[in-house]
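In what follows, a structure is listed as structure tokens, so that the remarks can point back to it.
First listed ligand is number 1; within each ligand, the first listed atom is number 1.
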Amino acid sequence: MDQTSDWSLDTLAIRAGHRRTAEQEHGEPIFPTSSFVYGSAAEAARKFGGEEPGNVYSRFTNPTVRTFEERLAALEGGERCVATASGMAAILSTALALLKAGDEIVASRSLFGSTVSLFDKYLGKFGITTRYVELADLDAWEAAITPATKLLFAETPSNPLSELVDIAALAEIAHRHGAWLAIDNCFLTPALQKPLALGADLVIHSATKYLDGQGRAIGGAVVGRHQELEELFGVVRTCGPCMSPFNAWIFTKGLETLGLRMRAHCDQALALAQWLEAHPAVTRVYYSGLESHPQHALASRQQQGYGAVLGVEVKGGREGAWSVIDATRLLSITGNLGDVKTTITHPATTTHGRLSDAQRDAAGISQGLIRIAVGLESLEDIKADLARGLDAL
Ligand SMILES: *Cc1c(COP(=O)(O)O)cnc(C)c1O
């Protein structure tokens, strides 16, 4: 695939990773097969032993999954990608591959809820401890590192307040202390942010979100260098959290429109954020594309777009927020995001509902906060749906 090195993201998203078979198919095929056959006992022995590359068993070698992996690796600018059954399986496999009992993780406080549970409840059981720090505070990251720290883990921008960390600066800190930096790039995707080019060692994805983009399947992936990804491949091969060929095909087709969709998501989100910021019932909009955002300059430097997740604080606390949500007829009331369908949720009583009041205050999740993941319906229809509740406040 040498010619791919000159191609831009939109071309790679459509062309990378497909090796046409003898059938001369134009579209990417699905290989729904558990195993593969060999021409001879000697060939089987070589392939099982890894002396000869080729397909063996779909837990770790499947051509449809490989197409998705090669395409995503090309988009992120990584040497290799390993696909997993879900975003959580991607994070678990990373930990199993790189960490052992006694090692420590330093992570940003504002993480996807299940990631925190994975770190504290499950990795904790095996003697891996995690310390949490303010995402944007580089001094806090460095202060939390000990000689046992092996992994720094961040989601940037954060959900739902769009806080950022300077990835290049954080990578420099990680490497100075001999640790890996993993970035969960779920909210921006390689269309809008390339963590590896900024110095991160691993990029983690929930393909369930924007990579698919239409809410059809659960999947995940890790992208990085050959060395670490070979360890990760070993985990998926042996422990089994692999991606199914059907899902890999959906994600491969989803990637073809990734650039187009993300640009459209960004345009819609910025227009909606500006409209909301000017609405008298709205007290604050959290979106790094707005000039009022304290890290707007960093977002403009580090990202190729601002994403499509907005935090919107309305008047009237929880009652106000719930009345805006309940007045919608078009928007979906759901915690999911990364879909062409716009979704709306009340973080304080859903995604962040298990936190204590003090923890929620520290995280900046007020009762009046609404999260909107802006989809691709008509902007005028989205505004009208929100105006119904906002105008009544
Ligand atoms: C959804 C999500 C995950 C988990 O992915 P699944 O595919 O649901 O397992 C991890 N990180 C972030 C930022 C997410 O939004």
Are Leu272 and Leu337 connected, step by step, through hydrophobic side chains (Ile, Leu, Val, Met, Phe, Trp, Tyr) whose heavy atoms are closer than 4.5 Å? no
Contacts of type side chain to side chain donor-acceptor pair (under 3.5 Å), residue His279, not counting sequence neighbours: Asp391
With sequence neighbours left out, which residue pairs that include part of residues 216-234 fulfil the side chain to side chain donor-acceptor pair (under 3.5 Å) condition? Arg80-Glu230, Trp180-Glu228, Asp201-Arg225, Asp212-Arg216, Arg225-Glu228
Side chain to side chain contact (heavy atoms under 4.5 Å, CB included) partners of Arg20, counting only residues at least two apart: His18, Gln24, Glu25, His26
Around Lys341, counting heavy atoms of other residues, nucleotides and ligands shown, do more than 12 lie under 6.0 Å from its NZ? no
Give a table of atom pairs where an N or O of ligand 1 lies under 3.5 Å from a protein N or O.
residue	atom	partner	partner atom	Å
ligand 1	5 (O)	Ser206	OG	3.0
ligand 1	7 (O)	Gly87	N	2.9
ligand 1	7 (O)	Ser206	OG	2.8
ligand 1	7 (O)	Thr208	OG1	2.6
ligand 1	9 (O)	Gly87	N	3.0
ligand 1	9 (O)	Met88	N	2.9
ligand 1	11 (N)	Asp184	OD2	2.7
ligand 1	15 (O)	Lys209	NZ	2.6

Where the side chain of Thr345 meets the backbone of Pro347, is there a donor-acceptor pair that is under 3.5 Å apart? no
